[in-house]
Number of protein chains: 2
Amino acid sequence: MEVNATAAALLGLLRRSGPATGYALAQRAQEELGDYWTVTRSQVYRELAAMAAAGLVQAGEAGARDARPYTVTDAGLSAFTAWLHSDLGADVVRIPLLLRLAFVDALDPTRLAELVAEQRAQHAARLAAYEDLERAGIEVGGTDRDLVTLRFGIAYERAVLTWFDGLDLQALTGG
Amino acid sequence: MEVNATAAALLGLLRRSGPATGYALAQRAQEELGDYWTVTRSQVYRELAAMAAAGLVQAGEAGARDARPYTVTDAGLSAFTAWLHSDLGADVVRIPLLLRLAFVDALDPTRLAELVAEQRAQHAARLAAYEDLERAGIEVGGTDRDLVTLRFGIAYERAVLTWFDGLDLQALTGG
DNA sequence: TGGAGCATGTAATGAGTTACATGATTGG
DNA sequence: CCAATCATGTAACTCATTACATGCTCCA
């Protein structure tokens, strides 16, 4: 049974924590993985339903508000493991800002400056948040696992900020 | 009329080059934008059809193999401009390698080493390609536009490689 | 005791990928 | 002249986002 990355992530979370409802899973996915993997609630429900049909998870008794807690089955465990060890395809890069810049010749210079400033601020904020986490994590003793992904984020955001600071908007719009 | 980023990219390409078929557009998108925006052929046809229905592009006479060259209309131009000046949402980050690492405790150390090595090689190759392009571009006089996106790629790939080189696989798997 | 807000899920739509079909060109 | 390859597009499917509905809880 093959699962996609999102479904696999849910299995991984369930495996760590024991039974959980779709809502709780969506929330935990956001908290724990959200910095490098987006998952929406609707996806969670879809994947859980599909996995239940395939026997990878099992729904428990519905509680209040029709909340069903799901558990990983043995088949689910092995699907998870298979995914975990499978090849990583070439990654799909999509950077909206660069797409804009590809058409910068038709973009109003003032608006360009705004867009760039907004994006830069966003990245700066993320970097700051990550750096805080790193400091806090080192004191409190977060897992190596978390530290490694955090450091990726920090490296990435620093690189992006450096790139921003080397941007010559004049040259881009003026010609 | 609002268009999504992919449709807008097609408008932008058409605008630059004049009439082109879906096939040609898909190819040019790959060549010119592929480093930071993926577009498949099927998407191209779907978006062209939708834009034709909405009056943003106009199909010309079908030639051999039912090839229809599309042209941007005035409405298409203004949709393009509107997109170009619209807000850039928060970007969606999805890094498959980090998702794997989030579950590294269940991953076989040997397999982890393999996966990491593969990914590292992929990034190294891309960096090398970009650096070549940069050298060539400077000699030949590529546009500032192209140089800017190229430099993003270079900054990104360098940061990622540095991160790879700081990875302690032992600590990750051993504990 | 009622209404604000949280918890829970479904439906509808949009975007992206994979697999398929087939007509033209062209080099051997 | 025919087999390989390129050009062109469609169909089917999977994945992702947005919008909607509604039941609980709790405190003012």
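Residue numbers begin at 1 in each chain, while the letters A, B, ... track the order of the sequences.
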Members other than A:Tyr23 in its cluster, when Ile, Leu, Val, Met, Phe, Trp, Tyr link by side-chain heavy atoms under 4.5 Å?
->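 A:Tyr23 shares its hydrophobic cluster with A:Tyr45.
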Taking only residues two or more places apart in sequence, or in another chain, which ones meet [X] in a ring pair (Phe, Tyr, Trp, His ring centres under 6.0 Å)?
{"X": "B:Tyr156", "answer": "A:Tyr156"}
{"X": "A:Trp163", "answer": "B:Phe152"}
{"X": "B:Phe103", "answer": "A:Phe80"}

May I have the distance from [X] (atom [atom1]) to [N] (atom [atom2]), rounded to whole angstrom?
{"X": "B:Tyr23", "N": "C:dA21", "atom1": "OH", "atom2": "C1'", "result": "15 Å"}
{"X": "B:Leu25", "N": "D:dA7", "atom1": "CG", "atom2": "C1'", "result": "14 Å"}
{"X": "A:Glu2", "N": "D:dT14", "atom1": "CD", "atom2": "P", "result": "12 Å"}

Partners of A:Ser78 by side-chain contact (heavy atoms from CB on, under 4.5 Å), sequence neighbours excluded?
->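 With neighbours one apart ignored, the set is empty.
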With A:Asn4, which residues qualify under side-chain contact (heavy atoms from CB on, under 4.5 Å), at least two apart?
->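 Result, side-chain contact (heavy atoms from CB on, under 4.5 Å) vs A:Asn4: A:Thr6, A:Ala7, A:Glu47.
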Could you pull out all residues at least two apart from A:Asp105 that satisfy salt bridge (charged side-chain N to carboxylate O under 4.0 Å, His left out)?
->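 Testing A:Asp105 for salt bridge (charged side-chain N to carboxylate O under 4.0 Å, His left out), a comparison that skips the adjacent residues, returns B:Arg15.
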Could you pull out all residues at least two apart from A:Glu118 that satisfy salt bridge (charged side-chain N to carboxylate O under 4.0 Å, His left out)?
->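 Here no residue qualifies.
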Inspect the contact between B:Arg145 and B:Glu32 and indicate whether a charged nitrogen and a carboxylate oxygen are less than 4.0 angstrom apart.
->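 Salt bridge between B:Glu32 and B:Arg145, a charged N being under 4.0 Å from a carboxylate O: no.
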Do any pairs count as a salt bridge (Lys or Arg N to Asp or Glu O under 4.0 Å) and have a residue in residues 83-100 of chain B, sequence neighbours left out, and if so which ones?
->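 Checked against salt bridge (Lys or Arg N to Asp or Glu O under 4.0 Å) - neighbours excluded - the pairs reaching residues 83-100 of chain B are A:Arg111-B:Asp87, A:Arg126-B:Asp91.
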Go through residues 76-88 of chain A and report each residue with a non-hydrogen atom lying under 4.0 Å from DNA chain D, sorted by number.
->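 Heavy-atom contacts with DNA chain D come from no residue of residues 76-88 of chain A; none.
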B:Tyr45 vs B:Gln27, nearer the 5' end of DNA chain D by closest nucleotide |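 In this pair, the answer is B:Gln27.
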What pairs of nitrogen or oxygen atoms, one from the protein and one from nucleotides 16-18 of chain D, lie under 3.5 Å apart?
{"residue": "D:dA16", "atom": "OP1", "partner": "B:Arg94", "partner atom": "NH1", "Å": "2.1"}
{"residue": "D:dA16", "atom": "OP2", "partner": "A:Thr6", "partner atom": "OG1", "Å": "3.4"}
{"residue": "D:dA16", "atom": "OP2", "partner": "A:Gln43", "partner atom": "OE1", "Å": "2.9"}
{"residue": "D:dA16", "atom": "N7", "partner": "A:Arg46", "partner atom": "NH2", "Å": "2.7"}
{"residue": "D:dT17", "atom": "OP2", "partner": "A:Gln43", "partner atom": "NE2", "Å": "3.2"}
{"residue": "D:dT18", "atom": "O4", "partner": "A:Ser42", "partner atom": "OG", "Å": "2.5"}

What are the residues of residues 48-56 of chain A, sorted by number, that bring a heavy atom to within less than 4.0 Å of DNA chain C?
->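 Output list: empty, so none.
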